[in-house]
Amino acid sequence: MKVHVLGCGDAFGSGGRNQSGYLVAARDRLFLIDCGPTSLLALKRAGFSPAALDAVFISHLHGDHFGGLPFFFIDALYANARPKPLIIAGPAGTEPRARALFDIMYGAGPEPKALPPTVFHVLHPEQSATIVGIEVFPFAVPHQARGTPLGLKFAYEGKQILFSGDASWTELFVRHARGVDLFLCECCFFAEESATHMSYKTLARNLSRLECKRLILTHLGEEMLARRAELAVESAYDGMIIEL
């Protein structure tokens, strides 16, 4: 199993990085964790066809994490017809928000523009789900005041991936990181304490408690990028391939 980092930047494209998107290529499954606006072009640049994508999992409904969906819809309608419906799973509200965004971007008539064949699933916190054979466990994380931002824990082919989504520190990371093969953890700030994003100083105080096999920081802001030499933790970069 390989994880292709399509984008690990923040909402501002700090450091010229693409926005959130992580493509998991397993033996017989191809799925995307988050779908920022740059995800389709990065997926194609990495040599994959969007028509081969089985599912997209969305952590929360901020534009840099789900705003790339309309490009996958338009690609399926006019460029790369899909052999089967695209599965999209995310927090409550994902389907109406995705449909509304697609209509705003590409609708032209009085009726909402029709999506290509798509099946939506709602991910409920603390309720496991199995989607196209992929086990996912969503849990609520501290990020946005409205909506239900999620951390996501995946299990497939004997491998486990934990994705923080966007979040400040929560003790749930200690529980869910234990034993996972990869923890992709956002870390937007270096020293600034935030109620919505991770601080490296906070994370550093808890590193010994995160019993994961590999920890990689993502969603780095400008200060984090400038101080990478001071980090005791590996950080992601666009185009990185992580083999599990």
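When a residue number appears, it is its place in the shown sequence, counting from 1.
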Asker: Which residue, Ile216, Ile161, Leu215, forms the side chain to side chain contact (heavy atoms under 4.5 Å, CB included) with Phe183?
Answerer: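 Testing each of Ile216, Ile161, Leu215 against Phe183, the sole residue satisfying side chain to side chain contact (heavy atoms under 4.5 Å, CB included) is Leu215.
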
Asker: Starting from Phe73, can I reach Leu32 by hopping between I/L/V/M/F/W/Y residues whose side chains sit under 4.5 Å apart?
Answerer: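 Yes.
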
Asker: First locate atom NE2 of His219, then atom SG of Cys185, and finally report the distance between them rounded to the nearest 0.5 Å.
Answerer: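 Spacing of NE2 (His219) from SG (Cys185) equals 11.5 Å.
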
Asker: Before accepting this row, confirm whether a basic side-chain N of the pair Glu171/Arg175 lies closer than 4.0 Å to the acidic partner's carboxylate O.
Answerer: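 No.
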
Asker: Can you check whether Phe154 and Phe163 have ring centres sitting under 6.0 Å from each other?
Answerer: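 No - the distance between ring centres of Phe154 and Phe163 does not fall below the 6.0 Å cut-off.
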
Asker: Please check: side-chain N/O of Arg97 versus main-chain N/O of Leu61, any donor-acceptor pairing under 3.5 Å?
Answerer: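 Here the side-chain-to-backbone pair exists.
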
Asker: Atom CG of Leu115 and atom CZ of Phe102: how far apart are they, to the nearest 0.5 Å?
Answerer: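 So the gap between those two atoms works out to 5.5 Å.
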
Asker: Checking side-chain hydrogen bond (donor to acceptor under 3.5 Å, both in side chains) for the pair Thr196/Gln144: CA distance, chi angles, key distance, verdict?
Answerer: CA-CA 7 Å; Thr196 56; Gln144 59 194 122; over 6 Å; no

Asker: Would you say the side chain of Leu123 lies within less than 4.5 Å of the side chain of Ile131, judging by non-hydrogen atoms?
Answerer: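 A side-chain contact exists here, since the closest heavy-atom pair is under 4.5 Å.
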
Asker: Do you see a donor-acceptor pair shorter than 3.5 Å between the side chains of Glu186 and His197?
Answerer: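 The answer is yes; a qualifying pair exists.
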
Asker: Just by modelled atom types, is the Leu53 backbone N or O under 3.5 Å from a matching donor or acceptor in the Arg82 side chain?
Answerer: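 Judged by distance alone, yes, a pair lies under 3.5 Å.
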
Asker: About how many Å separate CD of Glu157 and CD1 of Ile134, when rounded to the nearest 0.5 Å?
Answerer: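 The CD atom of Glu157 is 9.5 Å from CD1 of Ile134, to the nearest 0.5 Å.
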
Asker: Under the side chain to side chain contact (heavy atoms under 4.5 Å, CB included) rule, what do Asp75 and Lys44 come out as? Steps first, then yes or no, please.
Answerer: CA-CA 11 Å; Asp75 185 89; Lys44 291 184 175 182; 2.7 Å; yes

Asker: Look at the side-chain heavy atoms of Ile, Leu, Val, Met, Phe, Trp and Tyr, link any pair under 4.5 Å apart, and say whether Val141 and Trp169 land in one connected group.
Answerer: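 Yes, same cluster.
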
Asker: Hydrophobic clustering (ILVMFWY, side-chain heavy atoms < 4.5 Å, transitive) - are Leu69 and Phe71 grouped together?
Answerer: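 Yes, same cluster.
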
Asker: Quick check: closest heavy atoms across Leu101 and Gly67, and the distance to 0.1 Å?
Answerer: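 Answer, listing the atom of Leu101 first, then Gly67: CD2-CA, 3.9 Å.
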
Asker: Report the C-alpha separation of Tyr156 and Glu135 in whole Å, then their side-chain angles, then the decisive distance to 0.1 Å, and conclude whether the side chain to side chain contact (heavy atoms under 4.5 Å, CB included) test is met.
Answerer: CA-CA 6 Å; Tyr156 192 70; Glu135 294 180 29; over 6 Å; no

Asker: How many angstroms lie between CD in Glu243 and CE in Met1, if you round to the nearest 0.5 Å?
Answerer: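 The CD atom of Glu243 sits 11.0 Å away from the CE atom of Met1.
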
Asker: State, with a plain yes or no, whether a side-chain heavy atom of Thr202 is found less than 4.5 Å away from one of Glu193.
Answerer: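 In short, these two side chains touch, coming nearer than 4.5 Å.
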
Asker: Could you check whether any side-chain N or O of Asp181 sits under 3.5 Å from a backbone N or O of Gln160, counting only pairs where one atom can act as donor and the other as acceptor?
Answerer: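 A pair under 3.5 Å: yes.
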
Asker: State, yes or no, whether a side-chain contact exists between Phe190 and Lys201 at a heavy-atom distance under 4.5 Å.
Answerer: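 Side-chain contact under 4.5 Å: yes.
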
Asker: For the residue pair Leu43 and Ser49, what are the closest heavy atoms and their distance?
Answerer: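 What the structure gives for the nearest pair is CD2-C, 3.8 Å.
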
Asker: Donor-acceptor check, side chain of Arg29 to backbone of Ala26, threshold 3.5 angstrom: yes or no?
Answerer: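 It does not hold such a pair.
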
Asker: Under 3.5 Å, is there a donor-acceptor pair linking the side chains of Asp166 and His62?
Answerer: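 Short answer, no.
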
Asker: Any side-chain heavy atom of Arg209 within less than 4.5 Å of one from Leu207?
Answerer: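 No; the side chains remain at least 4.5 Å from each other.
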
Asker: Give the minimum heavy-atom separation between Gly221 and Asp10, together with the two atoms involved.
Answerer: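 Between these two residues, the closest heavy atoms are CA-OD2, 3.5 Å.
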
Asker: Are the side chains of Ser168 and Pro142 in touch, meaning some heavy atoms are under 4.5 Å apart?
Answerer: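 The answer is yes; the side chains approach within 4.5 Å.
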
Asker: When you measure from the side chain of Asp34 to the backbone of Ser59, do you find a donor-acceptor pair of N or O atoms at a distance under 3.5 Å?
Answerer: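 Yes: the side chain of Asp34 pairs with the backbone of Ser59.
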
Asker: Same cluster or not: are Tyr22 and Leu244 linked, directly or through other Ile, Leu, Val, Met, Phe, Trp or Tyr residues, by side-chain heavy atoms under 4.5 angstrom apart?
Answerer: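 Per the 4.5 Å side-chain linkage, Tyr22 and Leu244 are co-clustered.
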
Asker: Check whether any side-chain heavy atom of Leu217 lies under 4.5 Å from a side-chain heavy atom of Tyr200, and answer yes or no.
Answerer: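 Yes, close enough: below the 4.5 Å cut-off.
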
Asker: Does the distance from a Lys or Arg side-chain N to an Asp or Glu carboxylate O, for Arg17 and Asp238, drop under 4.0 Å?
Answerer: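 The answer is no: the pair does not qualify as a salt bridge.
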
Asker: Could you tell me whether Tyr106 atom OH has more than 12 heavy atoms of other residues or ligands within 6.0 Å of it?
Answerer: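 Above 12, so yes.
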
Asker: Could you check Val136 against Phe57 for side chain to side chain contact (heavy atoms under 4.5 Å, CB included), going step by step and ending with a plain yes or no?
Answerer: CA-CA 9 Å; Val136 57; Phe57 295 90; 4.0 Å; yes

Asker: Flag the pair Phe139 / His176 as yes when their ring centroid distance falls below 6.0 Å, and as no otherwise.
Answerer: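 Yes, close enough.
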
Asker: When you measure from the side chain of Asp54 to the backbone N and O of Phe31, does any donor-acceptor pair fall under 3.5 Å?
Answerer: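 No; judged by distance alone, with no hydrogens or angles, the pair does not exist.
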
Asker: Establish whether Leu182 and Tyr237 are linked, either directly or via other cluster members, by ILVMFWY side-chain heavy-atom contacts under 4.5 Å.
Answerer: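 The answer is yes; both residues are in one hydrophobic cluster.
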
Asker: Is there a side-chain contact between Leu231 and Met224 in this structure, where contact means two heavy atoms from C-beta onward sitting under 4.5 Å apart?
Answerer: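 Yes. Closest side-chain heavy atoms under 4.5 Å.
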
Asker: Are the side chains of Phe120 and Ile87 in touch, meaning some heavy atoms are under 4.5 Å apart?
Answerer: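 Heavy-atom side-chain distance check fails, nothing below 4.5 Å.
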
Asker: Just by distance, do the side chain of Asn18 and the backbone of Leu6 share a donor-acceptor pair under 3.5 Å?
Answerer: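 At least one qualifying donor-acceptor pair exists.
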
Asker: Between Val119 and Pro85, what is the shortest heavy-atom contact and its length?
Answerer: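 In this case the closest contact between Val119 and Pro85 is CG2-CB, 4.0 Å.
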
Asker: How many angstroms lie between OG in Ser14 and CD in Glu223, if you round to the nearest 0.5 Å?
Answerer: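 If I round to the nearest 0.5 Å, the distance is 11.0 Å.
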
Asker: With rounding to the nearest 0.5 angstrom, report the OG to CZ distance, Ser235 to Arg227.
Answerer: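 Ser235 OG to Arg227 CZ: 14.0 Å, rounded to 0.5 Å.
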
Asker: Can you list the steps and then say if Phe48 with Leu30 is a side chain to side chain contact (heavy atoms under 4.5 Å, CB included)?
Answerer: CA-CA 9 Å; Phe48 293 90; Leu30 189 68; 3.9 Å; yes

Asker: Under the rule for side chain to side chain contact (heavy atoms under 4.5 Å, CB included), what residues qualify as partners of Gln19, not counting sequence neighbours?
Answerer: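 Gln19 satisfies side chain to side chain contact (heavy atoms under 4.5 Å, CB included) with Pro37, Thr38, Asp64 only.
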
Asker: Report, as yes or no, whether the 6.0 Å neighbourhood of atom CZ on Arg214 holds more than 12 heavy atoms from other residues, nucleotides or ligands.
Answerer: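 More than 12 within 6.0 Å, yes.
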
